[in-house]
Each structure stands twice: as structure tokens, then as C-alpha cells.
Amino acid sequence: MKKGQQKDQESRYGLELTNNSKTSWAFSMPRDKTCVMATSICKKVCYGNGIRYQSAGQKAKRERNFKTVELLLDRGGPKLLAQNLIALIDQVRPSDWLCASVMGEKTKTPFTVRIHDLGDFHEVAYVKAWLIAAKERPLCKLWFYTRSFLEPELFEALTELAALPNCQGWLSIDTENFEAGLLAYAQEPGVWKLALLQQERTQVEELLPDLIETAMTKELVSFPVHHGGRHVEPVVAPGLYTCPAVVGIYKLESNASKLRPCQACSFCLP
Ligand code: SF4
């Protein structure tokens, strides 16, 4: 076997987190295989189209994560995959977590993992694996955004995950799926929150009244469409919280031992 082929063989499996300068530690999956209910708008403006996410290394990592997820689910179901997810979570525990927890204090940097900085939940067994892992690691704060709420079984499993005290789920909505999103939100009061992909004001104007009337306080975040440091004009409306990282209030931070924008802001965290 040639050297290159051997290296390729060796790195075919294994789960790995991404050290994301906005969210801190995050798990990524390939969009084409897991964003099973993506809308045409989110595909078009997805930040994953950006150069930062398109390097060969980043793509290979997402493919490896997916292949590993599929293999472990196939060989041992959610329990086996959960073992590997728990090991991943443990890798990013802040070094002072044990002392902080026995003294009842906060760690220097928060213990957080965002499930999917790219990708989504593509099947029930995969959701169940995260559910086991989240229950096993109650000190880790997990959060996720999803469009996988249109299929009842998947939504039911996701609701169980989002209902955990250390996990927050956000229903990602836009002009194409907002009616289904509002129904899902209303179906499970107190569990889900709403994340709006905000296009230009003229494009979202129609859905705003329903959205504002339905969403409870602190349960609606807006992400103005952005690319390359530019963003569309944020819509200002009662109860609508615009992500401060998108509009530049929080700067990206490459150092994992410092607070990242999402950890400093914490609006989306449980
Ligand atoms: S609103 Fe805050 S926590 Fe949510 S994505 Fe933006 S910076 Fe992160």
C-alpha cells in the first residue's frame, strides 16, 4: 500500500470537534448528508459556503465524523455512539472544572459544546445518542439549531433532547418553513426557542407579526444574513434579539482558553 493510501485508511474513522472562533467547541457533519430538511434559502446563504469551512481538512473531518457516526450506529446503536460522544465532550472540559464544581464556582471558561456548527440531525438513532451523552454529562452546556422538525419521529426525539436542563434547542426558521416552525414551537411550550434567518426587511416583513405574537420573551433570536464581514440591515422589532456576533459587537476569538462570542453572550445557551 502506498504511503498516501495508508494515511487515508488510518484516518477513515474517528470523531473530532471543531475549535470554532465564534461558538467555541462544536461538532460538525457534512451538510449534503445531514441537512435533510434544509430550505432553498438556507442552502443559498449558509455560512458553511464560506472559505473557512471549505478547506480540504475541514471537509475531511466532517466526512470522517459522518462515517464514524454511521458505523457506530450500525454496530451498536445509540449507546455505542454515545460512548464516543461522551469521550469527545470530556476532551473539552475546562482544566479547572473539578475544583470549580466541588467549590460550587464557575469554571474560568464555560464548559460548552455546540452540536453542529455545520450539519443537522438526520436520523432518530443519532439524536438518541446525543440524548444519552447529554444526560451523562449534565455539567456540559449543549445547544443546537435545527430544521429537522418536519418529520414527527425526528421531532419527538429532538424534543426530548431539547427538554434536558443542560441542552437548548432552537427551531431554525426562514420564509419557507416558518409556519411549520411556529406550529412545532407552539406544540412544545417551554422547550423550544426560535432562530430566524433574517433576509432583507422586505422579504421577512410578512412573517414578522405572527412571529412576534407567538414567541415568548427571550425565545426569538435573529441572524441577519451575513457573508464576508457584511450583513443585511438587522430588523428591529419587539422581542427580537439580533445576534451580536453577526453585527460585530463580539469579535471572533481564536484562543480556546478565552471567552468566545457565544460564551460571552450566552443568549442561545441553556
Ligand atoms: S445570539 Fe449570542 S449565543 Fe446566540 S449565536 Fe449569537 S453570539 Fe452566539
- Message: Please identify which of these residues, Asn65, Asn20, Asp117, meets the side chain to side chain donor-acceptor pair (under 3.5 Å) condition with Ser28.
- Response: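 That would be Asp117; it is the only one of Asn65, Asn20, Asp117 passing the side chain to side chain donor-acceptor pair (under 3.5 Å) with Ser28.
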- Query: What residue among Glu205, Gln203, Gln199 forms side chain to side chain donor-acceptor pair (under 3.5 Å) with Thr175?
  - Reply: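 Exactly one pass, corresponding to Gln199.
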Of all the heavy-atom pairs spanning [X] and [Y], show the shortest one and how long it is.
X: Ala186; Y: Pro189; result: O-CD, 3.6 Å
X: Phe149; Y: Ala180; result: CE1-C, 3.8 Å
X: Ala82; Y: Ala129; result: CB-O, 3.5 Å
X: Ala215; Y: Leu220; result: CB-CB, 3.9 Å
X: Leu142; Y: Pro270; result: O-CD, 3.5 Å
X: Gly181; Y: Leu171; result: O-CD1, 3.6 Å

Above 12 or not: heavy atoms from other molecules or residues under 6.0 Å from [atom1] of [X]?
X: Gln54; atom1: CD; value: yes
X: Lys193; atom1: NZ; value: yes
X: Glu156; atom1: CD; value: no
X: Glu206; atom1: CD; value: no
X: Lys61; atom1: NZ; value: yes

Hey, could you give me the [atom1]/[atom2] distance between [X] and [Y], rounded to the nearest 0.5 Å?
X: His122; Y: Leu154; atom1: NE2; atom2: CG; answer: 9.5 Å
X: Glu70; Y: Tyr13; atom1: CD; atom2: OH; answer: 10.5 Å
X: Leu158; Y: Glu151; atom1: CG; atom2: CD; answer: 10.0 Å
X: Ser172; Y: Phe144; atom1: OG; atom2: CZ; answer: 9.5 Å
X: Cys35; Y: Lys43; atom1: SG; atom2: NZ; answer: 9.0 Å
X: Leu161; Y: Ile132; atom1: CG; atom2: CD1; answer: 11.0 Å

Please say yes or no: joined through hydrophobic side-chain contacts below 4.5 Å, possibly via intermediate residues, are [X] and [Y] part of one cluster?
X: Leu88; Y: Trp143; value: no
X: Leu150; Y: Leu194; value: yes
X: Leu164; Y: Ile86; value: no
X: Leu118; Y: Phe223; value: no
X: Leu197; Y: Tyr53; value: no

- Query: Are the charged groups of Glu63 and Lys33 less than 4.0 angstrom apart, N to O?
  - Reply: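 Salt bridge flag = yes for Lys33 with Glu63.
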- In terms of side-chain geometry, is the basic nitrogen of Arg147 or Asp120 positioned less than 4.0 Å from the acidic oxygen of its partner?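 So Arg147 does not pair with Asp120 through a salt bridge.
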Note, [X] side chain near [Y] side chain (heavy atom, < 4.5 Å):
X: Glu160; Y: Val127; value: no
X: Tyr241; Y: Cys265; value: yes
X: Cys46; Y: Arg31; value: yes
X: Leu196; Y: Val235; value: no
X: Phe111; Y: Ile89; value: yes
X: Glu176; Y: Ser40; value: yes
X: Pro110; Y: Leu259; value: yes

- Task: Evaluate the side-chain contact (heavy atoms from CB on, under 4.5 Å) criterion for residues Leu85 and Glu136: first the C-alpha distance (whole Å), next the side-chain angles of each, then the deciding distance (0.1 Å), finally the verdict.
- Result: CA-CA 10 Å; Leu85 295 175; Glu136 287 289 323; over 6 Å; no
Keeping [X] on the side-chain end and [Y] on the backbone end, is there a donor-acceptor pair under 3.5 Å?
X: Ser222; Y: Thr242; result: no
X: Gln198; Y: Val204; result: no
X: Asn177; Y: Asp174; result: yes
X: Arg260; Y: Glu253; result: yes
X: Gln168; Y: Tyr145; result: no
X: Ser266; Y: Leu269; result: no

Where does the angle between the aromatic ring planes of [X] and [Y] fall among parallel (under 30°), tilted (30 to 60°) and perpendicular (over 60°)?
X: Trp192; Y: Phe155; value: parallel
X: Tyr126; Y: Trp130; value: perpendicular
X: Phe267; Y: Trp170; value: tilted

- Could you give me the CA-CA distance, side-chain angles and deciding distance for Arg12 and Lys67, then say whether side-chain contact (heavy atoms from CB on, under 4.5 Å) is met? CA-CA 8 Å; Arg12 271 174 58 210; Lys67 279 199 280 187; 3.9 Å; yes
- Is it the case that Gln263 and Thr109 place a side-chain donor and acceptor less than 3.5 Å from each other?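 No pair is found: no donor N or O on one side chain lies under 3.5 Å from an acceptor on the other.
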- Give the C-alpha distance, both sets of side-chain angles, the deciding distance and a yes or no for side-chain contact (heavy atoms from CB on, under 4.5 Å) between Leu15 and Leu81. CA-CA 10 Å; Leu15 298 183; Leu81 174 57; 4.0 Å; yes
- Task: Go through the steps for Lys22 and Cys243 under the test side-chain contact (heavy atoms from CB on, under 4.5 Å), then give the verdict.
- Result: CA-CA 11 Å; Lys22 178 184 174 223; Cys243 171; 4.1 Å; yes
- Answer yes if the ring centres of Phe121 and His116 are under 6.0 angstrom apart, and no otherwise.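 Under 6.0 Å, so yes.
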